[in-house]
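Contents: one structure, followed by commentary.
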Amino acid sequence: EVASSEAASSPSSSSPPPTPNPKPPTLHRCVALLQTCPKTLAALKQIHAHAIRTRVPLAHPLLAKHLVFALAALSPSPLPYAHRVFSLVPNPTVFTFNTMIRAYAESPIPGPALLVHRRMRAAGAPPDSHTYPFLLKALAKLMALRDGEKIHAQSLKNGLETLVFVQNSLVHFYGACGLFESAYKVFERMPERNLVTWNSIINGFALNGRPNEVLTLFREMTAENGGGGGDVEPDGFTLVSLLCACAELGALALGRRVHLYLIKVGLYRNSHVGNALIDLYAKCGSVEDAHKVFDEMGVAKTVVSWTSLIVGLALNGLGEEALELFRVMERERLVPTEITLLGVLYACSHCGLVDDGFRYFDRMREEYGIVPKIEHYGCMVDLLGRAGRVEEAHDYIANMPSEPNAVVWRTLLGACAMHKKLDLGEAAWARLVELDPGHSGDYVLLSNLYAAVGRWADVHRLRRSMLKGGVRKTPGHSLVELGNYVYEFVMGDRSHPESEKIYEKLEEIAKRLRLEGYAPRTTNVLADIEEEEKETALNYHSERLAIAFALLKSAPGTPIRIVKNLRVCADCHLVTKLISKIYEREIVVRDRSRFHHFRGGACSCKDYW
DNA sequence: ATAGGGTTAG
């Protein structure tokens with residue numbers, strides 16, 4: 001390139017009057033150019049070439065500083081290029097190290113940020129106030145817990161830990177790694193907290209399935225506002241986390257209040273907020289509201305909004321509507337993501353549309369160039385398995401290009417339990433024992449399978465090995481929102497102050513059920529082991545307590561919404577159908593995996609779940 | 001030049 005430098009600089013000389021001797025370009029001229037030029041790759045390359053031609057030393061830290069910074073600021077950033085420029089500098093400044101770490105932290109491949117930091121340490125360049133926030137962002141993305149803990153320790157030694165920015169980053173980091181207790185420990189000790197601090201800790205709990213802590217912290221945050229401490233007003237980030245927590249709890253009334261607040265403060269135009277609202281309403285079983293938010297989003301609608309509604313419709317048993325929405329999306333020439341397609345396959349599998357599922361799977365690759373991931377293959381296994389084509393589902397697993405994981409085998413085991421396929425079920429179990437031993441849900445599925453084919457000895461053998469292995473079944477609980485509160489019921493719960501009345505109501509329900517010709521099944525063992533501890537009668541399954549309580553406490557004719565952490569057992573499903581008819585109530589139960597809209601003695605899942 | 005947000009198969 002050097003040889004051609006004369007020629008390269010000559011094109012301007014072809015134009016008449018040739019300037020006799022242009023001002024000799026200098027390092028500073030290049031730097032000035034880098035700061036003022038249009039921020040495009042082409043412009044930066046041109047300046048880089050110019051620097052080479054005019055023999056500016058490429059190893060000069062000042063040039064590297066500006067060139068690396070400008071390259072890192074591009075999106076997408078040409079990281080290999082930026083890194084090559086960076087590598088040429090023997091003594092980069094802390095600023096340049098930070099720039100490089102940030103570039104990786106914000107890229108899809110944050111791993112090399114660690115290497116840059118290692119080089120920084122080796123070069124004896126001490127970190128400054130910016131280094132750890134960038135580095136922790138990369139480590140949070142990588143969920144590199146050990147490395148992050150080391151950085152935490154270093155920051156305590158060199159004093160950087162006292163900075164709010166570093167503390168915020170640590171809170172975020174621990175939350176992203178799933179260690180919300182550690183996040184909270186850092187949070188607790190912070191003498192100074194700002195909006196980002198609160199958002200980070202609230203999101204940390206929201207990400208890790210702790211919705212109640214989210215609500216508590218939100219209250220604390222807004223209470224502190226009036227008092228002495230901070231000057232924090234919730235923003236869009238805070239409210240998205242809050243809406244997430246409401247969605248998880250199924251707290252529709254609280255979610256609606258948040259919605260009203262959003263309108264009041266003008267945050268409803270924020271597309272992330274809109275998406276969170278769609279998700280909230282869909283996860284609370286209120287499809288009309290989800291649709292309304294979607295329609296009102298206007299230009300704020302993104303592919304995520306479409307995806308959220310597609311998944312939401314599928315979740316609520318409206319697979320046909322989900323697929324119709326996808327067709328509209330295609331007509332509008334929007335480009336679906338791999339998650340959109342996952343939603344579409346999910347819709348097919350929840351509605352038994354096997355052929356549609358295969359068609360979409362093929363189109364996903366052919367038309368959209370999306371490489372199917374294990375999640376997509378998992379959907380296909382579910383699609384076949386649910387439809388009773390269990391052998392085909394097994395062949396599908398055997399032939400899929402990615403290594404089947406525990407979830408895939410669990411899907412097959414579930415299908416085997418549903419369709420009484422003992423041999424394949426035991427084969428799936430054998431793989432699960434290797435891949436994810438001690439998973440209580442797998443014991444439940446296999447036990448159901450044994451019970452379904454009448455192998456009671458095996459049921460008891462499995463039960464014993466479960467006890468011996470210390471495998472604890474997830475206790476079932478149900479949530480129901482009334483007024484401003486979310487009430488939680490566990491199996492056989494007597495802790496509620498109105499326990500007495502609830503159990504009286506259950507008696508009354510049982511009486512009316514018998515009049516309708518319902519007889520509790522004697523093969524309860526199946527249902528029993530499936531979902532709740534077996535000591536207590538089916539009557540006291542957590543959702544029955546919640547339904548009885550809601551019947552007592554809410555106005556006649558109003559819908560009852562229950563959120564359950566496990567799957568509804570067959571007996572409760574039947575009973576809830578009958579209650580919806582006898583008491584003329586719409587009852588919406590959100591299962592571990594789907595919705596059941598009970599109305600007039602029937603369920604939206606068409607008894608297929 | 002500093003930190004944070006939504007959708008995902010059982």
Side-chain angles (χ1 to χ4, degrees), chain A residues 65 69 72-73 94-96 98-99 101-102 105 128-137 140 163-173 175-176 194-204 206-207 235-244 247 270-280 282-283 302-312 314-315 336-343 345-346 348-350 372-383 385-386 405-415 417-418 428 432 436 439 441-442 444-445 567 591-594 609:
Chain A
K65 172 181 163 177
F69 183 76
V94 180
F95 179 94
T96 308
N98 290 350
T99 305
I101 292 173
R102 183 180 65 159
D128 69 2
S129 57
H130 294 56
T131 310
Y132 291 156
F134 294 144
L135 190 57
L136 285 166
K137 184 176 183 171
L163 301 172
V164 183
F165 280 104
V166 174
Q167 292 167 345
N168 283 349
S169 299
L170 284 168
V171 171
H172 167 68
F173 166 78
N194 57 27
L195 177 59
V196 178
T197 317
W198 285 99
N199 287 349
S200 299
I201 190 69
I202 287 177
N203 191 241
L207 280 179
D235 69 351
F237 288 79
T238 329
L239 291 157
V240 167
S241 297
L242 193 59
L243 287 171
C244 270
N270 177 324
S271 71
H272 289 292
V273 167
N275 297 339
L277 281 170
I278 294 173
D279 186 51
L280 165 83
K283 291 220 172 104
T302 66
V303 66
V304 177
S305 322
W306 291 81
T307 303
S308 302
L309 190 55
I310 288 170
V311 173
L315 206 60
T337 66
E338 54 178 43
I339 300 172
T340 316
L341 265 302
L342 200 54
L345 297 178
Y346 184 61
C348 295
S349 111
H350 276 226
K373 297 208 304 191
I374 189 84
E375 288 87 348
H376 298 98
Y377 291 110
C379 265
M380 301 308 283
V381 172
D382 190 49
L383 185 65
R386 269 183 206 281
N405 61 12
V407 180
V408 169
W409 287 112
R410 192 165 297 137
T411 306
L412 185 71
L413 179 55
M418 191 189 297
L432 282 163
D436 190 8
H439 187 284
D442 295 339
V444 174
L445 287 175
R567 284 183 51 194
D591 211 51
R592 187 183 172 77
S593 71
R594 62 160 59 236
W609 82 97

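Each chain gets a letter, A, B and so on, in the order the sequences are listed, and its residues count up from 1.
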From [options], nucleotide with atom closest to [X] side chain:
X        : options              : value
A:Val408 : B:dA9, B:dT7, B:dG10 : B:dA9
A:Phe237 : B:dA1, B:dG5, B:dT7  : B:dG5
A:Ile339 : B:dT8, B:dG5, B:dA1  : B:dT8
A:Ser308 : B:dT7, B:dA9, B:dG5  : B:dT7
A:Thr411 : B:dG10, B:dG5, B:dT8 : B:dG10
A:Arg410 : B:dA3, B:dT7, B:dG10 : B:dG10
A:Val407 : B:dT8, B:dA9, B:dG5  : B:dA9
A:Asp382 : B:dG5, B:dA9, B:dA3  : B:dA9
A:Val311 : B:dT8, B:dG5, B:dA9  : B:dT8
A:Phe165 : B:dT7, B:dT2, B:dA9  : B:dT2

Heavy atoms under 4.0 Å, any strand shown: does [X] hit a base, just sugar-phosphate, or nothing?
X        : result
A:Thr302 : base
A:Leu315 : nothing
A:Lys137 : sugar-phosphate
A:Tyr377 : nothing
A:Asp128 : nothing
A:Gly414 : nothing
A:Leu239 : nothing
A:Lys283 : sugar-phosphate
A:His272 : base
A:Asn405 : base

Sequence neighbours left out, what passes salt bridge (charged side-chain N to carboxylate O under 4.0 Å, His left out) with A:Asp436? Give chain and number order.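 Partners of A:Asp436 under the salt bridge (charged side-chain N to carboxylate O under 4.0 Å, His left out) test: A:Arg410.
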
Atom [atom1] of [X] and atom [atom2] of [N]: how far apart are they, to the nearest Å?
X        : N      : atom1 : atom2 : value
A:Glu375 : B:dG10 : CD    : P     : 11 Å
A:Leu163 : B:dA3  : CG    : C1'   : 12 Å
A:Asp279 : B:dG5  : CG    : C1'   : 13 Å

Please identify each residue that fulfils ring pair (Phe, Tyr, Trp, His ring centres under 6.0 Å) with A:Phe134, with sequence neighbours left out.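 Listed in chain order: nothing, the list is empty.
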
Within the structure provided, determine whether A:Leu383 and A:Leu345 are in side-chain contact (heavy-atom separation under 4.5 Å).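 Of all side-chain heavy-atom pairs linking A:Leu345 with A:Leu383, none is under 4.5 Å.
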
Near-parallel close stack of A:His130 and B:dA1 base (under 5.5 Å, under 30°):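 Yes, A:His130 stacks on the base of B:dA1, since the ring centres sit under 5.5 Å apart and the planes are within 30°.
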
Distance check, rounded to the nearest 0.5 Å: A:Asp442 atom CG versus A:Leu432 atom CG?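 Going from the CG atom of A:Asp442 to the CG atom of A:Leu432 covers 4.5 Å.
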
Under 3.5 Å: donor-acceptor pair, side chain of A:Asn203, backbone of A:Ala206: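 A pair under 3.5 Å: no.
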
Check the phosphate of B:dT2 against A:His172, side-chain N and O only, distance under 4.0 Å to OP1 or OP2. Yes or no?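 So the side chain of A:His172 is outside the cut-off, no N or O lying under 4.0 Å from OP1 or OP2 of B:dT2.
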
Using OP1 and OP2 only, check whether a side-chain N or O of A:Arg386 sits under 4.0 Å from B:dG10.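 Looking at the OP1 and OP2 atoms of B:dG10, one of them is under 4.0 Å from a side-chain N or O of A:Arg386.
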
Verify side-chain contact (heavy atoms from CB on, under 4.5 Å) between A:Leu412 and A:Trp409, making sure each step is shown before the conclusion. CA-CA 5 Å; A:Leu412 185 71; A:Trp409 287 112; 3.9 Å; yes

